[in-house]
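Below: one structure, written as C-alpha cells.
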Amino acid sequence: DKFSLEYMLSQENFLRENPESPYMAYADNTNYCFNDIMQAGLELGVLGLVLLIFMIYEVWRASLLSNKVHDSDNSGLSSFLAYPLLCILIFSLFSYPLTSVVTGYSIIAIIAVLISNSDSKRKDLYIKRSMTRWSFLAVVAGISFVGIYCSCQFIRACCDWKYSRYLLSDFRYQESVLRYEKAYGCLKNEGIFLNDYGKALSLSKRYEKSNEIMHDAIGKKMTSYSMITLGHNHKMLGRLQEAENCYWRAYWMAPKKEYPLYLLVKLYEESGKTEQAKKLGRKMLNRPAPIKTKASEQIRNEVMNIIIRSK
C-alpha cells in the first residue's frame with residue numbers, strides 16, 4: 001500500500017495549495033495506480049522494476065524454449081501457457097490484476113507447470129550436483145509445510161476479519177472488536193485491516209486504543225475515512241483542535257465528498273463557532289449537488305437547519 005499512502009499525501013498537499021484546481025471536483029480516495037508495472041516501479045524502485053521485468057522475461061523465454069525440448073511430452077502445453085501470462089501482463093498495464101489473490105495463485109500454478117515441463121536432464125543434473133534427491137525432497141516438504149501452516153493461519157484470520165465486519169454492520173461493536181483482536185496478530189501489517197479495527201474500536205467508544213491503532217494504520221494505508229475516524233476520536237476526547245485538523249485533512253484528501261464538510265459544520269456549531277459554521281455550511285450547499293441519495297439529502301437538510309439555527 002506504499003503507493004496509496006504516498007499518493008494520498010501528495011494529493012492532499014497539492015489540493016490544499018491549489019484550492020481552485022479543476023481536480024477538486026474529481027479527487028477521491030485512490031488505492032491503485034491502474035498500472036501494476038508502474039506501481040511496482042514506484043514501490044520497489046528502479047532496481048526492483050528491473051528485476052521484475054527480468055523475471056517476466058525469463059518465465060516467458062522458458063515457456064517458449066520448453067516447446068523445443070524433444071523429450072518433453074507436454075511441450076505444447078508449456079507453449080500454450082505462455083499466452084495466459086501474456087494476457088495478464090497486458091491487462092496489468094491498464095488495471096491491477098496482480099493485486100488479486102486468484103491471479104497470484106494462477107500465475108504460481110502456471111510457473112509450476114512450466115518448471116515441471118522444463119528440460120528434465122538439466123533438472124536431474126542440477127539436483128545431483130547440489131544435493132541428494134532425498135535431501136531435496138526434505139527441503140521441499142519443509143517449505144511446503146511452513147507455507148501450508150502460514151496459509152491456514154492467514155485464512156483463519158481473514159475469516160475472523162470477515163465475520164468482524166458482519167458484526168460491525170449488525171451494530172454488535174463489542175463482539176466485533178473481540179474478533180478483530182483475534183485476527184490482529186496475523187493481519188497487523190495490513191493497512192485496510194488496521195483501518196477497520198480502529199473504526200470498530202471507535203464505535204465501541206475505546207477512543208484512545210482506536211487512536212493507537214489508527215496511527216499504525218495511516219502509516220500503511222491512509223484515506224479520508226482514516227482521518228474521519230481520528231477526528232471523531234479526538235472530538236469525543238475533547239480535543240477539538242485536533243478533531244478540526246483531522247476533518248480538514250479528510251476534506252483535502254477527497255474534496256468531492258461532502259461528509260468531512262458536514263462534520264466540520266457540526267463541530268463548529270457544537271463548539272460555539274456559529275459564524276464559521278454558517279460560512280462553511282453555505283459553501284457546502286452552494287457546491288454542485290452530488291449523486292442524490294437518502295444520506296446526501298439528510299446531510300444537506302441538517303446543514304440547512306444548522307444555518308437557520310445560527311441566525
Side-chain angles (χ1 to χ4, degrees), residues 1-5 31-32 36 39-40 43-44 48 51-52 55-56 59 77 81 84-85 88 91-92 95-118 123 127 130-170 172-201 203-204 206 209-210 212-223 226:
D1 294 329
K2 186 178 179 181
F3 164 79
S4 175
L5 174 62
N31 296 316
Y32 304 105
D36 276 335
Q39 183 164 336
E43 293 186 348
L44 303 176
L51 289 174
L52 176 63
M55 289 172 60
I56 294 172
V59 171
L77 175 63
L81 289 175
L85 287 176
I88 293 172
F91 186 41
S92 70
S95 187
Y96 44 93
L98 299 183
T99 61
S100 168
V101 176
V102 175
T103 305
Y105 280 130
S106 299
I107 293 174
I108 292 172
I110 291 172
I111 293 176
V113 172
L114 294 176
I115 292 174
S116 66
N117 290 335
S118 62
K123 288 190 296 183
I127 293 173
S130 60
M131 61 185 73
T132 65
R133 188 178 298 273
W134 286 109
S135 59
F136 175 77
L137 291 175
V139 171
V140 171
I143 294 174
S144 300
F145 175 79
V146 173
I148 292 172
Y149 175 78
C150 292
S151 297
C152 290
Q153 293 290 101
F154 182 77
I155 292 171
R156 189 178 296 111
C158 287
C159 290
D160 287 329
W161 182 12
K162 182 179 180 180
Y163 189 58
S164 298
R165 284 184 161 183
Y166 164 73
L167 293 172
L168 205 62
S169 65
D170 198 37
R172 295 153 66 181
Y173 302 137
Q174 298 297 335
E175 294 178 59
S176 176
V177 167
L178 292 176
R179 285 281 182 166
Y180 275 114
E181 289 174 350
K182 188 176 178 182
Y184 177 75
C186 191
L187 300 175
K188 60 184 177 182
N189 293 317
E190 298 292 330
I192 299 177
F193 169 81
L194 291 175
N195 275 276
D196 285 356
Y197 184 18
K199 180 65 175 179
L201 288 166
L203 291 172
S204 63
R206 296 171 59 182
K209 180 64 176 179
S210 176
E212 180 184 332
I213 295 297
M214 289 305 301
H215 281 297
D216 287 340
I218 62 177
K220 297 177 175 64
K221 187 175 186 65
M222 183 188 299
T223 67
S226 309

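- Heavy-atom minimum distance, D160 versus A183: CB-CB, 4.0 Å.
- Remark: side-chain polar atoms of S226 are not paired, donor with acceptor, to backbone N or O of M222 under 3.5 angstrom.
- For R172, the side chain to side chain donor-acceptor pair (under 3.5 Å) partners are D170, E175, not counting sequence neighbours.
- One finds the NZ atom of K199 at 15.5 Å from the OG atom of S164 (value rounded to the nearest 0.5 Å).
- The two residues C186 and A157 come nearest to each other via the heavy atoms CB-CB, 3.7 Å.
- Separating the SG atom in C159 from the NZ atom in K182 is a distance of 10.0 Å, to the nearest 0.5 Å.
- Residues N31 and F3 have side chains not in contact (no heavy-atom distance under 4.5 Å, counting atoms from C-beta outward).
- Legend: residues meeting side chain to side chain contact (heavy atoms under 4.5 Å, CB included) with L168, ordered by chain and number and at least two apart, are Y173, S176, Y180, A200, L203.
- A parallel orientation is assigned to the rings of Y96 and Y32, their planes being inclined by less than 30° (bins at 30° and 60°).
- Considering CD of E190 and CH2 of W161, their distance stands at 6.5 Å, rounded to 0.5 Å.
- With sequence neighbours excluded, no residue satisfies side chain to side chain donor-acceptor pair (under 3.5 Å) with D36.
- Taken from NZ in K162 to SG in C158, the straight-line distance is 10.5 Å, to the nearest 0.5 Å.
- Remark: R165 CZ to R179 CZ distance equals 15.0 Å, nearest 0.5 Å.
- In this structure, CG in D216 is found 9.5 Å from CG in N189, a value given to the nearest 0.5 Å.
- Contact check for K221 versus L194: no side-chain heavy atoms found under the 4.5 Å cut-off.
- A salt bridge links E181 and R206; the closest N-O separation between the charged side-chain nitrogens and carboxylate oxygens is under 4.0 Å.
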- Message: Pair I213, Y184 - check side chain to side chain contact (heavy atoms under 4.5 Å, CB included), show working.
- Response: CA-CA 10 Å; I213 295 297; Y184 177 75; 4.1 Å; yes
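- A donor and an acceptor atom, one from each side chain of K220 and N195, are nowhere located under 3.5 Å apart.
- When atom types are taken as modelled, the side chain of S204 and the backbone of L201 share a donor-acceptor pair closer than 3.5 angstrom.
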